[in-house]
Amino acid sequence: MINIFVRNLDPTTTEVQLKDLFAAHGSVETVTIVKDRDTSEPRGFAFVEMTNATEAKAAIDSLNGFRLNNHEIRLNEARPKLKHDGKRESTSREHRRHKI
């Protein structure tokens, strides 16, 4: 299974559009458009999982720079997700805010 990071997506892009686009290059397992946790608006990137590594690499080579909904999308193989150490208990964003 290869996970492809897709960035520079137009906010109107749908998971169905991405699945159809990538399906032309091989078998697509899942498509996930990442949304903002507060507003539920698309954040402009997605992940596409393809079952075959050769097909995934061909899709990356073929679709990188492709114009979708008037946006030139950029693709690369996604890096593995880092393991969460479990030390941070809060689910808020306080860790990002500057304290005065």
Side-chain angles (χ1 to χ4, degrees):
M1 183 88 62
I2 299 291
N3 198 9
I4 302 169
F5 177 63
V6 184
R7 61 186 163 97
N8 199 34
L9 288 175
D10 179 78
T12 64
T13 302
T14 66
E15 290 178 352
V16 171
Q17 285 178 306
L18 286 175
K19 185 167 187 167
D20 291 346
L21 184 65
F22 281 83
H25 299 279
S27 179
V28 176
E29 186 71 24
T30 62
V31 175
T32 306
I33 293 178
V34 179
K35 297 184 180 191
D36 183 273
R37 73 174 118 201
D38 295 329
T39 66
S40 296
E41 294 294 320
R43 294 189 57 202
F45 64 94
F47 293 95
V48 177
E49 287 184 321
M50 296 186 73
T51 53
N52 182 290
T54 305
E55 293 171 347
K57 290 184 190 324
I60 291 169
D61 291 341
S62 178
L63 296 174
N64 193 31
F66 182 82
R67 209 155 194 60
L68 178 65
N69 295 343
N70 219 20
H71 278 70
E72 199 172 283
I73 60 173
R74 296 291 175 197
L75 312 175
N76 59 284
E77 189 173 338
R79 287 180 261 157
K81 190 174 182 177
L82 296 175
K83 300 278 186 209
H84 181 64
D85 63 6
K87 291 181 182 176
R88 191 176 86 208
E89 294 177 14
S90 174
T91 58
S92 75
R93 294 185 184 179
E94 286 302 312
H95 66 282
R96 295 185 192 171
R97 295 204 171 100
H98 296 286
K99 303 289 184 194
I100 298 177

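Remember, it's a predicted structure, so these values are computed and weren't measured experimentally.
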Pair I73-L21, side-chain contact (heavy atoms from CB on, under 4.5 Å): steps then yes or no: CA-CA 12 Å; I73 60 173; L21 184 65; 4.1 Å; yes
Give every residue pair that meets the ring pair (Phe, Tyr, Trp, His ring centres under 6.0 Å) criterion with at least one member in residues 34-53, sequence neighbours excluded. F5-F45, F5-F47
For residues 6-17, dump all side-chain donor-acceptor pairs below 3.5 Å to protein atoms at least two apart in sequence or in another chain.
from, atom 1, to, atom 2, distance (Å)
N8, ND2, E72, O, 2.7
D10, OD1, H71, ND1, 3.3
D10, OD2, T12, N, 2.9
D10, OD2, T12, OG1, 2.2
T13, OG1, D10, O, 3.0
T13, OG1, N69, ND2, 3.1
T14, OG1, Q17, N, 3.1
E15, OE2, I33, N, 3.1
Q17, OE1, T14, N, 2.9
Q17, OE1, N69, ND2, 3.2
Q17, NE2, N69, OD1, 3.3

Work out which heavy atom in V28 is nearest to a heavy atom in V48; give both atom names and the distance. CG1-CG1, 4.0 Å
Where at least one partner belongs to residues 55-68, residue pairs that pass side chain to side chain donor-acceptor pair (under 3.5 Å), sequence neighbours excluded: K57-E77
Return the set of residues passing side-chain contact (heavy atoms from CB on, under 4.5 Å) with T51 (not counting sequence neighbours), or none when no residue passes. M1, S27, E29
D36 versus R43, closest heavy-atom pair with distance: N-CG, 3.4 Å
State, to 0.1 Å, how close A46 and L18 come at their nearest heavy-atom pair, and which atoms those are. CB-CD1, 3.8 Å
Shortest non-hydrogen pair, A53 vs I2, comes out as CA-CG1, 3.5 Å
Find out whether L68 and L63 are in side-chain contact, i.e. whether some heavy atom of one side chain is under 4.5 Å from a heavy atom of the other. no
Please name all residues satisfying side-chain hydrogen bond (donor to acceptor under 3.5 Å, both in side chains) with S40, sequence neighbours left out, ordered by chain then number. none
Atom of M50, atom of A59 and distance for their closest heavy-atom approach: SD-CB, 4.0 Å
Using the side-chain contact (heavy atoms from CB on, under 4.5 Å) criterion, which residues pair with K35? Sequence neighbours excluded. none
